[in-house]
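Note sheet for the following structure.
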Amino acid sequence: MLTDDAEGLEKGVFTEPEIRLAMRNHGMPLEALRYDLTPPGLHYLLTHFDIPSVDLDAWTLGIDGLVERPLSLSMAHLQALPQEVRTVTMECAGNGRSALDQRPASQPWVLEAVGTSRWAGVPVSALLERAGVREGAIEVVFCSLDHGIDGGVEQHYERSLPLELARSAEPIVAISMNDDPLPPQHGFPARLLVPGWYGMTNVKWLSRITVVNTPFDGYQQAVAYRVRQTSDEQGEAITRMLPRALMVPPGIPDFASRDRTVVGPCTIDGRAWSGWGAIERVDLSTDGGERWQPATLDQRTSDGHAHWCSWSYRWEAPEPGEHVLMVRARDTAGNEQPDEPDWNAGGYLNNAVQRVVVTVRAS
Ligand SMILES: Nc1nc2c(c(=O)[nH]1)N[C@H]1C(S)=C(S)[C@@H](COP(=O)(O)O)O[C@H]1N2
Ligand SMILES: [Mo]
């Protein structure tokens with residue numbers, strides 16, 4: 001059902017602003033869970049404002065604020081610095097939002113706001129070291145070129161990292177995605193990448209990195225991306241990705257309803273990830289959550305919090321008829337997916353287990 005009634009944000013009902021956002025910000029078709037690296041164009045997209053068009057000859061990355069030597073780096077400068085590679089699974093903090101009753105008119109993700117890419121660029125720590133961080137600094141603010149109005153506030157998209165994280169080994173300023181320059185929609189010419197953190201962290205179209213001595217209170221830090229029960233609470237900042245497992249859609253779909261038909265026996269497979277640790281186990285249920293069986297993890301891909309691992313499950317003797325498949329992941333930090341969403345006003349962090357209804361046909 002399509003409605004423009006702002007009160008109508010219930011499960012299965014979508015308003016016109018939500019549909020417009022969904023047209024702009026596409027998800028990854030879940031059959032693309034098959035690839036270790038998400039092919040270009042299939043990675044999900046989330047852009048708050050307009051995609052800026054950047055003239056590379058005029059573009060520089062500034063590094064300023066509480067530093068000894070403010071820097072202004074061209075692309076040639078960045079390319080001349082030692083590069084590092086990170087394979088990163090990125091997921092939007094709003095993934096799963098559409099399953100919530102009473103949610104904000106925002107990007108109405110089902111489960112497809114995820115993708116994995118090989119990003120390469122210069123460690124943020126190396127840039128901060130070149131500029132020389134001064135005494136008293138506590139955070140680093142990443143400012144972008146896209147510009148618009150969010151929550152009534154005109155702004156550039158900006159986010160900060162605690163200084164300790166910015167200086168740690170992992171974050172990079174990425175200048176390539178899967179060995180090519182960044183595409184316009186993914187942040188050309190440079191973006192931040194922090195492995196394990198939800199997508200909003202990874203500021204696209206970077207223009208400036210500013211070291212500061214007060215907590216950054218920009219809109220995307222202090223107002224958006226916080227877990228709260230009511231809009232007047234300060235809430236808690238969103239950081240790392242909670243565990244999630246997803247299936248490659250089994251069998252074949254019906255075009256319009258997406259209902260799945262499976263011929264058994266068959267293998268169910270998919271990916272799982274967590275920003276808090278490696279995936280420790282994935283369990284699958286073929287009877288709507290009554291009984292759970294362990295899936296087999298691919299040890300080759302199960303090596304930490306930066307990117308997804310693959311799993312598979314052999315469904316030996318499915319009975320003809322309708323079945324509810326469910327899949328659940330647990331990470332090495334002890335986080336496990338809940339059966340039902342934990343509601344919050346922004347519609348973030350819904351990592352409730354995936355349920356896929358399939359009809360089994362006798363072969
Ligand atoms: N400058 C800028 N950076 C941004 C955003 C944005 O709107 N503007 N969206 C953020 C959000 S919410 C997500 S989930 C990721 C999405 O990155 P992608 O579009 O490359 O998949 O980018 C983040 N970085
Ligand atoms: Mo996001």
Side-chain angles (χ1 to χ4, degrees), residues 21-22 24-29 32 37-54 59 61 86 88-98 103-104 106-119 121 141-151 153-161 171-178 180-209 218-221 223-227 237-242 244 275 307 346-351:
L21 284 171
R24 287 185 54 78
N25 298 308
H26 66 73
M28 183 190 74
L37 293 182
T38 308
L42 293 184
H43 194 285
Y44 85 96
L45 273 184
L46 196 298
T47 299
H48 287 66
F49 309 128
D50 294 341
I51 297 169
S53 157
V54 179
W59 178 85
L61 177 62
R86 308 270 184 273
V88 175
T89 294
M90 191 158 69
E91 181 185 20
C92 181
N95 204 13
R97 175 179 289 128
S98 70
R103 57 182 188 273
S106 183
Q107 179 70 25
W109 296 121
V110 184
L111 286 170
E112 59 294 276
V114 65
T116 298
S117 300
R118 183 166 56 227
W119 305 91
V141 181
F142 296 82
C143 185
S144 73
L145 294 168
D146 58 328
H147 179 215
I149 300 171
D150 199 352
V153 182
E154 187 169 336
Q155 59 190 279
H156 285 267
Y157 188 92
E158 293 178 299
R159 293 267 313 172
S160 73
L161 294 179
I172 61 170
V173 170
I175 56 175
S176 82
M177 180 185 191
N178 298 344
D180 284 318
L182 305 190
Q185 68 273 28
H186 290 297
F188 180 84
R191 80 179 300 172
L192 177 63
L193 243 297
V194 184
W197 283 54
Y198 277 110
M200 75 285 157
T201 316
N202 301 318
V203 176
K204 304 192 270 190
W205 311 294
L206 260 188
S207 60
R208 198 158 33 81
I209 298 177
Y219 183 87
Q220 304 297 338
Q221 197 82 27
V223 183
Y225 301 107
R226 303 187 78 90
V227 175
I238 291 171
T239 60
R240 292 177 179 274
M241 298 183 292
L242 293 168
R244 190 193 301 278
H307 59 82
Y348 300 117
L349 311 186
N350 173 14
N351 70 329

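Because only heavy atoms are used, hydrogens play no part in the values below, and waters and symmetry mates are left out as well, while side chains stay in. Numbering of ligands and ligand atoms starts at 1, following listing order.
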Can you see which heavy atom on [X] is nearest to which on [Y], and at what distance?
X: Met177; Y: Pro183; value: SD-CD, 3.6 Å
X: Leu192; Y: Thr201; value: CD2-O, 3.3 Å
X: Val203; Y: Ser144; value: CG1-CB, 3.6 Å
X: Gln220; Y: Gln155; value: NE2-OE1, 2.9 Å
X: Arg226; Y: Ile238; value: N-CD1, 4.0 Å
X: Asn350; Y: Gly96; value: ND2-O, 2.9 Å

Using the side chain to side chain contact (heavy atoms under 4.5 Å, CB included) rule, pick out the option among Val88, Asn178, Thr38 that qualifies with Thr116. Thr38
Pro195: which of Arg86, Met90, Arg240 passes side chain to side chain contact (heavy atoms under 4.5 Å, CB included): Arg86
Name the orientation class of the two ring planes belonging to His43 and His186 (parallel below 30°, tilted from 30 to 60°, perpendicular beyond 60°). perpendicular
Subset of ligand 1 atoms that lie under 4.0 Å from at least one heavy atom of [X]:
X: Thr47; answer: 7 (O)
X: Val203; answer: 3 (N), 24 (N)
X: Leu45; answer: 19 (O), 21 (O)
X: Ser144; answer: 1 (N)
X: Trp205; answer: 1 (N), 2 (C), 8 (N)
X: Asn202; answer: 22 (O), 23 (C), 24 (N)
X: His43; answer: 21 (O)

Using a 4.0 Å heavy-atom cut-off, say whether [X] meets ligand 1 through its side chain, its backbone, both or neither.
X: Tyr44; answer: both
X: Asp146; answer: side chain
X: Cys92; answer: both
X: Leu145; answer: neither
X: Arg191; answer: side chain

Restricting to heavy atoms, the pick from Leu46, Leu192, Asp50, Thr38 nearest atom 9 (N) of ligand 1 would be Leu46
Starting from [atom], locate the nearest protein heavy atom and write down its residue, its atom name and how far away it is, to 0.1 Å.
atom: atom 19 (O) of ligand 1; result: Lys204 NZ, 2.6 Å
atom: atom 4 (C) of ligand 1; result: Tyr157 CE2, 3.6 Å
atom: atom 15 (C) of ligand 1; result: Gly199 O, 3.4 Å
atom: atom 11 (C) of ligand 1; result: Met200 CA, 3.6 Å

Under 3.5 Å, N or O to N or O, is [X] touching ligand 1 that way?
X: Met90; value: no
X: His48; value: yes
X: Tyr225; value: no
X: His186; value: yes

As an exercise, state the distance from CG of Asn351 to CG of Leu111, rounded to the nearest 0.5 Å. 10.5 Å
Interatomic distance, Phe188 atom CZ to Ser53 atom OG [nearest 0.5 angstrom]: 9.0 Å
Trp119 six-ring face occupied by Arg191 cation (under 6.0 Å, within 45°): yes
Asn25 (side chain) donor-acceptor with Thr47 (main chain) under 3.5 angstrom: yes
